[in-house]
Amino acid sequence: MSTQRRPFPFHEFEPKWQEYWVATGAFRAANPGDADFDGSKPKYYILDMFPYPSGDGLHVGHVEGYTATDILARFHRMQGFNVLHPMGWDAFGLPAEQYAIKTGQHPRETTARNIANFRSQLQAVGFSYDWDREVSTTDPGYFKWTQWIFLQLYNAWFNPATRKAESIATYKGADPDSVRLAYVAEMPVNWCPQLGTVLANEEVVDGKSEVGGFPVERRPLRQWMLRITAFAERLIEGLDGLDWPEGIKLLQRNWIGRSEGAVVVFREEAGGAEIEVFTTRPDTLFGATYMILSPEHPLVEKITTDAQRGDIDAYRVAVASKSDLDRTELNKEKSGVFTGAYAINPVNGERIPIWIADYVLMGYGTGAIMAVPVHDERDFEFAQKFGLPVREVVKPSEAVDGFFSGDGVAVNSGFLDGLSTAEAKRSITAWLEERNIGRGMVNYKLRDWLFSRQRYWGEPFPIVWEGGRHRALSETELPVVQPDMDDFKPTGTPEPPLSKAVDWVRYSERAERETNTMPQWAGSCWYYLRFCDPENGMRFVGEGPDRYWMGRSGQPGGVDLYIGGTEHAVLHLLYARFWHKVLFDLGHLTTPEPFQRLVNQGMILGPDGQKMSKSRGNVITPDAVIEDYGADSLRLYEMFMGPLEQMKPWSMKGVEGVHRFLARVWRLAMEEDQEGEWVVSSALADVPMTPAQARVAHATIKKVTEDMRGLAFNTAISQMMVFTNEFVNASPRPLESLKILLPLLSPFAPHLAEELWQRLGFEGAASSQSWPVHNESLLVDNEVELAVQVNGKVRDRLVVARDASKEAIEEAARSSVKVLEAVGGGAIVKVIVVPGKLVNVVVK
RNA sequence: GCCGGCGUGGCGAAAUGGCAGACGCAAGGGACUUAAAAUCCCUUUUCGCGAAAGCGGAGUGCGGGUUCGAGUCCCGCCGCCGGCACCA
């Protein structure tokens, strides 16, 4: 677009208002205790998932969610809420460090530069963030409290009796280190040689690192772990009270993976060792024809017979060397080896062979299973391959081929015969418990959270090692800041880069610092809390601000609306909920859940319908759109494209469309004079709206207001277009119409609304008007047009008085010539009248 | 394989069980202009009949069903997208 000629001078007034908003602190939210705090106002906390400030800058996909929250933030301010709408930076993590290593610059410098770029990009869109509350996870004033929260975890345990996190002081056992919520364990972990770090399971995709796509191998290492599994049940239960998409709740439930069953104790025949298996189908115990231990199971060593030892050892070595990728690839074919040992089935004394196989995982249940081939697909495949016996113990209601894993009636099962699956489960579990050879048990797929990274650019642990034991630093020693190092490259071994800072590592004569750092998730686990009280030097969040901003009478979640991408559906949201619950249990917070309402915005695709990426060259940046069409057009198009939650492709033609709409709004108020200067339109007059105009105006107020609640911004914008189309050719044009439209438009296109409001000489600012309220009585016409259908097909139209009786409408329909024609010789069976909508004449 | 979500014009999309396609894009025609841009007006789901106003038929991925009436509810398929993937 030519720079000389624009349909309206957005390039002049947009920067003007942006500077004005920053300079006047227009969107500052007052905190409890501030001089200008008004406690009578209801609060509204609306939050975006804060970005990772990459070197590439924002693209239009980021801006979608941010625009939605900004519109709602502005809307709620106009409705009299005290609105908390903050922004910050999730700035620790791998990409910054990789970039730093590549370019030789310190990540602190590149991070600062990226943040400055992101901030100016966001300000150019005109977002109404309270910039006084900006935080970065890399700021020592921030991560001091991330470390403090780690100390809370370290100094707490989960008391199963109270089902709560409590101070470790209440633990009466001999070894507190065995129950802390933050603990050290020797774990087989995902070691990535190229990145020089260990990764969480979630950061490994198809056996490769999510960042960079490098191969990942398993090796045992000493790691910090967080005991999130203790909260599995609470994390499931807590979902019930949240206004989240059901799909996301389900994703979390599946991730936690609760399953109910029983542990059964088998005895090994020769040595008498007890082997516990976990099963969700204890009712099939009579059908167990063999048993499988995980190759890593500690008993394998003991029970393997000399004759089988060679095969077993070879298999175990093969399994151990497999990467995760190999393992999934080999999943198609079952493999395993007989140990030579036998176990005794406690329910019938039967002697069954014990095998090992890699489809049994050490990390789930007890690492051992009883195999019931007819009633489990995996066991069935295994039995087929190795010719192991099968026995049916559940009768399905209809005969099936192969295996059957559904519910039915127990058969060939002694005292269980004839019982339904549910009854049989209860009966056998009680039987096992009586004899002390088993018990009911609940298992979860969720694993504890691997919390350490062998990298430089992350929060150091507030931990020192002394005589081989870990010890927490005191709160007064926080923050623990990374030393300034010229060489922060990975060592190429699992030894973290911080180990190279010898002076820093040496804490005292006898103690050395922990050299691992925390994962990127750490800082984002609690940033929404810091936003409530970002300057607080005494506490991670003050009690007053927490109670006000996070408080909600009767509802569990504190943040009123949280918008972000689905990619964080499980990990970030689960980790944040976990930390929140711990802090809540320990009495530091007032709400049990962080986020009351969650909405996922859909992805914005490139103009080619493909996912935006640098390699495809289809990335659209907000900067380019703002340059050509302005920030208001960008905002409006982001919302006009379609429903927020939906995936949709970008179209510059679409941007032009909303840009034309804004130009029409501009010309509702302005016209060009002889010299080509914009002046207030001569068509404007202080006259009342016609009834038709009033109807459109009030319908627009109603529609926009309702659509705000449903986040249906696309249809709200459509309605404002209808409004504009109604008035654009009106002369005289009632000034009143703009007093209605501009406040409605101001959350969407704040610069334009503000500029016109000012030029028209209206009082105050458009954005500080109170939100318009529609007058229902102006919406209805005295006459309404009804469609008249015969057997569901429209045959005629009828104009009747708004309050016409059903009888009168039916009579009019029956006497319509067109209806009579359509009815022909048929008999009218009945007539359905829907007042204000239609009439349907039913003919046989 | 299992679990979610989505299928509506040339395109993005609207539609408390009540007139399918609002609004926008694109396309075509017209007005204004020396000309263009911008702006404004008209047409635009599709097929048939008609010079036209209009008239008639079909139509929301496919096949059934419930209902006076289904894009919307129910059952069974197909396709696309996302998540999980030996979790006993």
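Here the structure is a predicted model, which is why all the values come from computation and not from measurement. A, B, ... follow the sequence lines: proteins, then strands. Residue 1 opens every chain.
- Between B:G7 and B:G61, the two C1' atoms lie 6 Å apart (nearest whole Å).
- B:U67 and B:U72 have their C1' atoms separated by 13 Å, with the value rounded to a whole Å.
- With sequence neighbours excluded, no residue forms a side-chain hydrogen bond (donor to acceptor under 3.5 Å, both in side chains) with A:Thr284.
- In this structure, the ring of A:His659 has its center less than 6.0 angstrom from the ring center of A:Phe10.
- Taking only side-chain atoms of A:Leu250, from C-beta outward, the nucleotide of B:G4, B:A88, B:C84 with the closest atom is B:G4.
- A glycosidic torsion no more than 90° from 0 defines the syn conformation, and B:G9 adopts it.
- The C1' atoms of B:A15 and B:G9 are separated by 15 Å, rounded to the nearest whole Å.
- Rounded to a whole Å, the CG atom of A:Leu446 is 14 Å from the P atom of B:C84.
- A salt bridge links A:Glu333 to A:Lys385: one of the charged nitrogens lies within less than 4.0 Å of a carboxylate oxygen.
- When every heavy atom of A:Ile620 is checked against every heavy atom of A:Pro607, the shortest pair comes out as CD1-CG, 3.9 Å.
- On the P atoms, B:A70 is 14 Å away from B:G17, given to the nearest whole Å.
- In this view, A:Asp707 and A:Lys703 satisfy the salt bridge (charged side-chain N to carboxylate O under 4.0 Å, His left out) rule, not counting sequence neighbours.
- Atom CG of A:Asp358 and atom C1' of B:A88 are 14 Å apart (whole Å).
- On the C1' atoms, B:G64 is 48 Å away from B:C41, given to the nearest whole Å.
- One P atom belongs to B:A22, the other to B:U16, and the distance between them is 15 Å to the nearest Å.
- Using P as the reference atom, B:G10 and B:C62 are 14 Å apart when rounded to the nearest Å.
- Of the candidates B:C41, B:A13, B:A88, B:A13 carries the atom nearest the A:Pro643 side chain, counting heavy atoms from C-beta on.
- Distance from the side chain of A:Arg667 is smallest to B:C40 among B:A88, B:C40, B:A58.
- In terms of the salt bridge (charged side-chain N to carboxylate O under 4.0 Å, His left out) criterion, A:Arg795 has no residue partners (sequence neighbours excluded).
- In this structure, NE2 of A:His659 is placed 24 Å from P of B:G12, rounded to the nearest angstrom.
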Mark up nucleotides 16-24 of chain B, 5' to 3', with B wherever a protein heavy atom is under 4.0 angstrom from a base atom, S wherever such an atom reaches only the sugar-phosphate, and - elsewhere.
--BB--BBS

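- Where A:Tyr364 and A:Val841 meet RNA chain B, the nucleotide closest to each residue was compared, and A:Val841 sits on the side nearer the 5' end.
- Nearest to the side-chain atoms of A:Arg795 among the listed nucleotides B:C68, B:G57, B:A88 stands B:G57.
- Side chain to side chain, A:Tyr315 and A:Ser335 meet the donor-acceptor criterion of an N or O pair below 3.5 Å.
- The CG-P distance, from A:Asp608 to B:C11, rounds to 17 Å in whole Å.
- Annotation: B:A85 and B:C19 have their P atoms spaced 46 Å apart (nearest Å).
- Listed here is the closest heavy atom pair of A:Tyr629 and A:Glu656: OH-OE2, 3.1 Å.
- Minimum interatomic distance between A:Gly642 and A:Lys648 (heavy atoms only, all atoms of both residues): O-CE, 3.8 Å.
- The distance between atom CG of A:Asn254 and atom P of B:G1, rounded to the nearest whole Å, is 18 Å.
- Counting only Watson-Crick and G-U wobble pairs whose two distances sit under 3.5 Å, RNA chain B takes part in these stems of three or more pairs: B:1-7 with B:78-84, B:10-12 with B:23-25, B:27-31 with B:39-43, B:45-49 with B:54-58, B:61-65 with B:73-77.
- Remark: A:Glu811 engages no residue in a salt bridge (charged side-chain N to carboxylate O under 4.0 Å, His left out) (not counting sequence neighbours).
- Comparing A:Val728 and A:Tyr444 by the nucleotide of RNA chain B that holds the closest heavy atom to each, the one mapping nearer the 5' end is A:Val728.
- Both tests do not hold together for A:Lys445 against A:Tyr364: distance to the six-membered ring centre under 6.0 Å, angle to the ring axis within 45°.
- With rounding to whole Å, A:Leu293 atom CG is found 18 Å from B:A88 atom P.
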